Amino acid sequence: MIPPYRKLNPSEIEQLNFQACTADDWDKILVHEDFSAEAIRSVHFSGDIKLGKFEACHNLPGNVKKKSGIRRAHLHNCEVGNNVLIENIGEYIANYIIEDDCCIEQLTFMICDAENSFGNGVEIEVLDETGGRMSRMYNGISAHTAYLMAMYPGRSDLQAQLKKLVEQKALQERSAMGRVGRSSYLINAGMILNVNMGPFTKVRGSSFLYNGSINSTEEAPIQVGAEVNAQSFILSPGSEIKDGVHLVRCFVGEASILGHGFTGHDSFFFANCRMENGEACASFAGPFSTSMHKSTLMIGGLFSFCNFGSGSNQSNHLYKLGPMHSGVLERGTKTGSDSYILWPAKIGSFSLVKGRHINNPDTTAFPFSYLIENRGMSYLVPAASLPSIGLMRDVNKWPDRDARKSSKKQDKIIFHFLNPNTIEEIRKAIKIGNDLRLHASLGYNPEDAAMQGVVSELRHAAPDDPILEYRYRGMRIRRSSLEKGSALYKVAIQIYLGDVVFRQIEAFRQTKDMEDNKIIWKDFSKTRVFDKEIPYNQEKWVDISGLVVPEAAIEYLIGCIERGKITCVDQLEDRWEELYQTYQEREWAYAFPLIAELRNIALRDIKPATLLTVLDEWQEASLTLYNQALLDAELELSMKRSFAPEEGEVPNSFVEKLRKFIGEIPVKADMAKQFIQENIVQNNLH
């Protein structure tokens, strides 16, 4: 209920005059019915003013208590809520709604100088500094919507509709009044111009904040720290920017932290990014992207779950039409210290890049690989990261480090490192490896249509050389590396199929009402989305900056946007939520026929006994891969101990966790097989 407001009475005006307060027009000031003039001292009022009551105290750092009120300030066209503390404002506060329980001290000024959208609708020249891939940010934008803007520039109808939706959102956010949400603290915050702030915002020591939205919430407050300069920006719930960060036209996602002098312009930083010291320009940093070192540059690239080593950089300056080249580091890529990649280039999922690479490499067909420079040449080591303890640590740490606290998360993240997208990349790598070996043994006939498209890009390097190598897209692959990588890729597929069977069993345990603990095989093997059965498929899957979805589903969504069936950005974000919620059903529709294909049997011939075999293979493959990772971990631990032998064995929590997991693999497999044997009733799949 809105409390009644009244005009000041003559005695209150007299008291305010006595307390060094002035006003252009006392009649334009409305106050809460319980207003006390005692709390207002050395204040000038102009324009329309509304004041709440001032009764409570604020507890400040250092256990300092200050009574709410307004002291030494100039307010113009402001609404001030209950129990607000405002004091020591250098110039003035103009055109702001300040909600209950806020504390605002030591500001130069805080002004909303005209109708504006507070960063909503601002254009970001992401991936292409010449403006060829113009994206637009707004409050609540997901990495997936931004992906459509950045990665489909040629779809003119799509881009026109997305622009229309964002402009509509910006119009909704438009106001001539800024807002400071309840229980916010703005201390020594310098200059604030055209910035909206949600509840529980904390700004301390910033330099200049201009044209932005700080979308803080009670459950996920936002902090802005010392010497921050941010212009045309949006901050998402739970984010933090501090320690001299400088941003221009940037979006910062949920629970992301930027600090230690990091600078960025025309860039997105989505959920749980961590950026320090370095620089980003025209970058699309998807969830969990991390850059912590000085002299590290992220430029013109699409990244997600990436980790940049010290001195890493990319170059888009091999151009005549401007800095238009861009590149992609797919999910989970790491770059070593002083690594360099010449754009355009694409690096496959969960790969490691070391050294300098100037031949525009494309390793997307070989995920989980190392790309290493040797004597100026780029060598690809397929699947080298699969048995790495570093990969195991990374894929386990990301869910644990998800610091988002909002009940409805903006970015929809599938954490599985083995998923339909990476599995299809793996299958392509196996095929290319087979073609390479075939080409080496038989030679290549350019007129052989069956070999064109893949083998046309491959050349046998040195048939007479004792170390046989292959060339692929400007890189070299040693035969021994290719053979070892192919074996590891097959192990990964076996682990993935077992993981999917486990997830299907768990889904039935949680959601199915089993009469007499029995499940009809047809119910177990079919797939449903929103109570509609979906067909089995071998669709191409894509990783939309953390969300793994069938390409056909993305094309359908794009079609809906282009035809105007999605009428606001909230509807679009809800569509991403639907795709996220139905991931497991769609994944089962992908994996189930893959089981049949790899066994060269018909879909109808898959039986519960087939899944028992899948679980046997999962157990063997898991023990193989994770034991190799454990050996890798023990090697690293032994290297650490060799420099400090007096310490003895140094325990490592993750290694202990891995050892425990390996010990549980047979138990987990036996439990799943027992469930299938005891609970699934055999019948034919129609």
Side-chain angles (χ1 to χ4, degrees), residues 124 126-128 133-138 140-153 155 158-159 162 166 234 236 239 250-256 264 266-275 280 282-291 298 300-308 326-333 346-351 364 367 394-395 398-399 401-402 404 409-417 419-422 424-425 540-551 553-555 557-558 561 569 572-581 583 586:
I124 298 178
V126 69
L127 299 185
D128 187 344
R133 295 173 183 258
M134 196 64 70
S135 300
R136 294 166 181 83
M137 63 179 172
Y138 58 83
I141 188 174
S142 66
H144 328 303
T145 297
Y147 184 99
L148 294 185
M149 296 178 186
M151 299 303 289
Y152 293 83
R155 302 286 288 265
L158 169 66
Q159 298 304 327
L162 288 173
V166 176
I234 291 179
S236 300
S239 59
C250 287
F251 176 89
V252 181
E254 292 178 281
S256 290
D266 291 281
S267 296
F268 288 102
F269 306 96
F270 287 102
N272 293 293
C273 282
R274 186 70 182 261
M275 301 287 157
S283 288
F284 189 116
F288 290 96
S289 294
T290 301
S291 175
M298 302 163 56
L302 176 75
F303 319 108
S304 67
F305 296 84
C306 290
N307 195 325
F308 293 85
S326 60
V328 176
L329 302 186
E330 291 190 342
R331 176 190 291 232
T333 297
K346 295 180 70 176
I347 306 299
S349 305
F350 297 99
S351 295
T364 50
D394 285 344
V395 299
W398 286 320
R401 293 184 181 181
D402 189 349
R404 294 175 295 170
K409 297 174 174 58
Q410 293 171 197
D411 297 336
K412 320 303 177 186
I413 300 175
I414 302 298
F415 285 103
H416 306 312
F417 77 104
N419 56 61
N421 179 61
T422 53
E424 280 304 298
E425 291 178 342
K540 180 181 178 182
W541 285 61
V542 289
D543 188 339
I544 307 293
S545 200
L547 178 61
V548 183
V549 290
E551 187 177 55
I554 295 300
E555 286 297 325
L557 177 56
I558 289 175
I561 298 171
V569 293
L572 179 53
E573 298 303 338
D574 288 343
R575 289 293 188 95
W576 296 121
E577 179 67 24
E578 291 175 7
L579 289 171
Y580 174 74
Q581 294 296 337
Y583 167 77
R586 296 180 190 274

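Hydrogens, waters and symmetry mates play no part in the numbers below; they use all other heavy atoms, side chains included. All values reported here derive from a predicted model rather than from experimental measurement.
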Handout entry: Closest contact, heavy atoms only, Gly253 versus Ser239
Key = O-CB, 3.5 Å
Exercise for the section: Using salt bridge (Lys or Arg N to Asp or Glu O under 4.0 Å) as the criterion, list what pairs up with Asp266, not counting sequence neighbours. Expected result: Arg249
Handout entry: salt bridge (Lys or Arg N to Asp or Glu O under 4.0 Å) against Arg575, all qualifying residues, sequence neighbours excluded
Key = none
Practice task
State the CG-CD distance between Asp543 and Glu425, to the nearest 0.5 angstrom.
Solution key: 8.5 Å
Exercise for the section: Mind checking side chain to side chain donor-acceptor pair (under 3.5 Å) for Asp394 and listing every partner two or more places apart, or none if nothing turns up? Expected result: Lys334, Lys397
Handout entry: Spatial distance of atom CG (Asn421) from atom CZ (Arg331) [nearest 0.5 Å]
Key = 8.0 Å
Fill in the blank from the handout: Across all chains, not counting sequence neighbours, the ring pair (Phe, Tyr, Trp, His ring centres under 6.0 Å) partners of Tyr152 are none
Practice task
Run the numbers on Val549 and Arg586 for side chain to side chain contact (heavy atoms under 4.5 Å, CB included), then give the verdict.
Solution key: CA-CA 8 Å; Val549 290; Arg586 296 180 190 274; over 6 Å; no
Handout entry: salt bridge (Lys or Arg N to Asp or Glu O under 4.0 Å) partners for Arg155, two or more places apart
Key = Glu555, Glu562
Handout entry: Distance-only polar pair, side chains of Glu330 and Ser349, donor-acceptor under 3.5 Å
Key = yes
Completion exercise
For Lys412 and Gln410, the nearest pair of non-hydrogen atoms, with its separation, is CE-O, 3.7 Å
Practice task
Report the distance from atom CG of Leu302 to atom NZ of Lys346, rounding to the nearest 0.5 Å.
Solution key: 9.5 Å
Problem - Any donor-acceptor N/O pair, Gln159 side chain to Leu148 backbone, under 3.5 Å - result: yes
Problem - Worked verdict on Arg401 versus Asn272 for side chain to side chain contact (heavy atoms under 4.5 Å, CB included) - result: CA-CA 8 Å; Arg401 293 184 181 181; Asn272 293 293; 5.9 Å; no
Problem - Closest heavy-atom pair and its distance - Gly286, Ser545 - result: CA-OG, 3.5 Å
Exercise for the section: Output all residues satisfying ring pair (Phe, Tyr, Trp, His ring centres under 6.0 Å) with Phe303, sequence neighbours left out; order by chain, then residue number. Expected result: Phe308
Practice task
Quick one: pull up CG in Asp411 and OH in Tyr580 and give me the separation to the nearest 0.5 Å.
Solution key: 11.0 Å
Practice task
Name all residues meeting the salt bridge (Lys or Arg N to Asp or Glu O under 4.0 Å) criterion together with Asp128; count only those two or more places apart in sequence or in a different chain, and write none if there are none.
Solution key: none
Handout entry: Test side chain to side chain contact (heavy atoms under 4.5 Å, CB included) applied to Lys540 and Glu424, step by step
Key = CA-CA 7 Å; Lys540 180 181 178 182; Glu424 280 304 298; over 6 Å; no
Handout entry: Distance in Å, Tyr147 OH paired with Ser135 OG, rounded so as to fall on 0.5 Å steps
Key = 12.0 Å
Handout entry: Test item: Ser283 side-chain N/O and Met298 main-chain N/O as donor-acceptor pair under 3.5 Å
Key = yes
Handout entry: His144 side chain vs Trp576 backbone, donor-acceptor pair below 3.5 Å
Key = no
Problem - Trace of the side chain to side chain contact (heavy atoms under 4.5 Å, CB included) decision for Val548 with Thr422 - result: CA-CA 10 Å; Val548 183; Thr422 53; over 6 Å; no
Practice task
Give the minimum heavy-atom separation between Leu329 and Cys306, together with the two atoms involved.
Solution key: O-SG, 3.7 Å
Problem - Student check: side-chain heavy atoms of Ile554 and Ile544 closer than 4.5 Å - result: yes
Problem - For Phe305, all residues meeting ring pair (Phe, Tyr, Trp, His ring centres under 6.0 Å), sequence neighbours excluded - result: Phe288, Trp398
Exercise for the section: Output all residues satisfying side-chain contact (heavy atoms from CB on, under 4.5 Å) with Ser256, sequence neighbours left out; order by chain, then residue number. Expected result: Val252, Leu258, Cys273
Fill in the blank from the handout: With sequence neighbours left out, the residues meeting side chain to side chain donor-acceptor pair (under 3.5 Å) with Thr364 are Asp362
Exercise for the section: Could you pull out all residues at least two apart from Phe251 that satisfy ring pair (Phe, Tyr, Trp, His ring centres under 6.0 Å)? Expected result: Phe270
Problem - Taking every non-hydrogen atom, the tightest pair across Met137 and Cys250 - result: SD-O, 3.5 Å
Problem - Val166: side-chain contact (heavy atoms from CB on, under 4.5 Å) partners, not counting sequence neighbours - result: Arg136, Tyr138, Met149
Problem - Nearest non-hydrogen partners of Met151 and Val328, listed with the distance - result: CE-CG2, 4.4 Å
Exercise for the section: Kindly compute the distance separating CD1 (Ile413) from OH (Tyr583), expressed to the nearest 0.5 Å. Expected result: 13.5 Å
